[in-house]
Amino acid sequence: MNEKLTELRDLLGEVDDISKAASILSWDQQAYMPPGGAPARASQLGTLSRLAHEKFTDERMGRLLYELSKETRDLPYDDDTASLIRVTKRDYEKAVRLPSTFVAELAEASGLGTTAWAQARAENQWDGFSDHLKKMIELKQREADYLGYHEKMYDALLDSYEPDMKTREVAEMFDAVRRELVPLVRAIASNADRVDDAALHRAYDPAKQWELAHEALRTIGYDFQRGRMDKVPHPFCTTFSNHDVRVTNRVLPDFFNSAFFGALHEGGHALYELGSPDRFERTTLAGGTSLSVHESQSRMWENLVGRSRAFWQFFFPKFKKTFRKNAADMDAEKMYRAVSKVQPSYIRVEADEVTYSLHVMLRFEAENMLVENKLKVSELPAWWDEAMSSYLGVTPPDVAHGVLQDVHWSLGYYGYFPTYSLGTFFSAQLFDKAREQLGDLDEQFARGEFAPLREWLTENIYQHGRKYTLTELATRITGEPLQTRSYIAYLKKKYSEIYDL
Ligand code: ZN
């Protein structure tokens, strides 16, 4: 068995090297590449994706996995080797369904689509992007057919980001949450004057914002010896190894929240990847297990920590030192309330905690209709504006603030959006457990102690890499699968107090 296992690890290592090289090209494309580099970069990414896919789906890989899974049958489920075979086999069985030529075509279309999207968004023009979107939807329909599905075409796409999750389950959870959110948003709206966030919408020097975003990352324990932060139009976190996990961010000169909470959010993703153990490197067990679990980490540091009263009791003096003039009429309590302000708005990434999931639900609905041909690309902008008005009561002024705001569809990420909300639900479920086991988290945060929470997450989540699925992790840690109860209770408690409901 040992020889076969070594061979398997060598093969997986090479696949991982190629994939990480592609990730570096993709990071560069979004952070530094001049627009003229787009066509060449698209073909470079296409080639690397094809090579990684060919290597991973090679017959030898299939043979090794088949034999090793027989030989490891008696090992315990948690065993590293048993888990490596199980997780790789799941990835492999999925990957072999996609022809390499298709994978390259998809990678190339996603490279060109992203550039077209960035341009269309900058110019506030829908037309330059709609053909790319049509092409991408056709590709994703083909992908769903290759992958196979029982109930809904969307199931096949969702499964790539959240293994085993079904469209029906997401719809049920979303319905349950929507029923609670809509009256909550309405009640808050009638007491909107309880919170004033004007201080966050003043001029904030971009260089100082950038420095404070670094400070926020240091505060939660992000290690700049193993990471860095660069500017991009749409923030993300990317991993080249568990010793090089980079965050990206953007700064708005007249809005404080964007860079600061962007840093905490991407930093939360990064802590997860940095906490993946060395022994999993260059294998399929490295990194985060699924997008929802990943998002539970980013949303936890961004909101449950970063938008807590206790966090601002600790951090306000730093804010005040950096922005003396803007902070003059503020204190920790006002800051806590201001960063928690609920205000239906156009932009998902800047949405408050209460309305955030409504943005996601709208995209979930749109994606389902697009892949099932129930909504045409040409009808999408008008549908979007109408849906925004019915979900959130606001109508975007233009496509840049509406249907073109997110990069996902240009990249071919369909089935991705729901994981933002599933992760948010999971973050609250986890946080309840952390509170139960770690004592008074608020007292710790107010003293600037974030290590106990980080260590708890390392112990319960990070150290397992991709070994367990969302449902397995949730059950191991909290005794039950993903639920929405904790999230709803958290929102009701926090916002009833802030808004006197
Ligand atoms: Zn995220």
Side-chain angles (χ1 to χ4, degrees), residues 23 26-27 30-31 114 158 160-163 165 170 213 216-217 220-222 227-240 245-252 257-276 287-307 339 345 347-364 367 405-431 453-454 457 461-462 466 470 473 482 487:
S23 300
S26 168
W27 166 82
Q30 296 180 64
T114 321
L158 180 62
S160 303
Y161 303 109
E162 197 49 63
M165 184 65 73
V170 176
L217 286 172
I220 64 169
Y222 178 76
R228 50 179 288 126
M229 178 161 67
D230 294 272
K231 290 198 178 86
V232 292
H234 198 292
F236 63 96
C237 168
T238 185
T239 302
F240 305 142
V245 181
R246 305 189 189 182
V247 296
T248 60
N249 201 355
R250 67 174 161 191
V251 178
L252 301 180
N257 291 11
S258 189
F260 191 82
F261 290 101
L264 288 177
H265 181 99
E266 301 308 333
H269 283 302
L271 291 181
Y272 189 3
E273 294 282 322
L274 288 164
S276 173
T289 193
S290 75
L291 285 192
S292 302
V293 180
H294 236 296
E295 201 63 12
S296 74
Q297 300 309 300
S298 55
R299 303 281 293 167
M300 182 181 294
W301 289 101
E302 177 192 358
N303 292 325
L304 298 170
V305 178
R307 283 188 164 88
V339 299
S345 66
I347 307 291
R348 176 187 60 86
V349 293
E350 277 143 27
D352 58 78
E353 287 182 281
V354 182
T355 58
Y356 183 82
S357 283
L358 296 172
H359 289 262
V360 173
M361 289 171 193
L362 178 157
R363 287 156 177 78
F364 172 66
E367 287 184 342
Q405 65 183 271
D406 283 314
V407 69
H408 304 61
W409 291 342
S410 74
L411 287 162
Y413 295 173
Y414 293 76
Y416 189 123
F417 280 119
T419 65
Y420 288 130
S421 283
L422 301 179
T424 304
F425 306 158
F426 192 37
S427 70
Q429 183 176 349
L430 284 171
F431 208 62
L453 176 63
R454 201 174 59 244
L457 293 168
I461 295 183
Y462 305 169
R466 293 184 67 222
L470 163 63
L473 271 181
L482 177 65
Y487 171 64

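Order of listing sets the numbers, starting from 1, for every ligand and every atom in it.
- Outside the 6.0 Å centre-distance limit, the rings of Phe364 and Phe417 are not counted as a close aromatic pair.
- Between NE2 of His265 and NE2 of His269, the angle at the Zn ion (ligand 1) works out to 100°, rounded to 10 degrees.
- Contact record, Leu482 with Gln429: CA-OE1, 3.4 Å, taken as the closest heavy-atom pair.
- His359 pairs by the side chain to side chain donor-acceptor pair (under 3.5 Å) definition with nothing, not counting sequence neighbours.
- The atom name of the N/O/S atom in Glu295 closest to the Zn ion (ligand 1) is OE1.
- Taking 2.8 Å as the criterion, Glu266 does not count as a coordinating residue of the Zn ion (ligand 1), since none of its N, O or S atoms falls below it.
- Between His294 and His269, the ring planes are tilted. Angles from 30° to 60° get that label.
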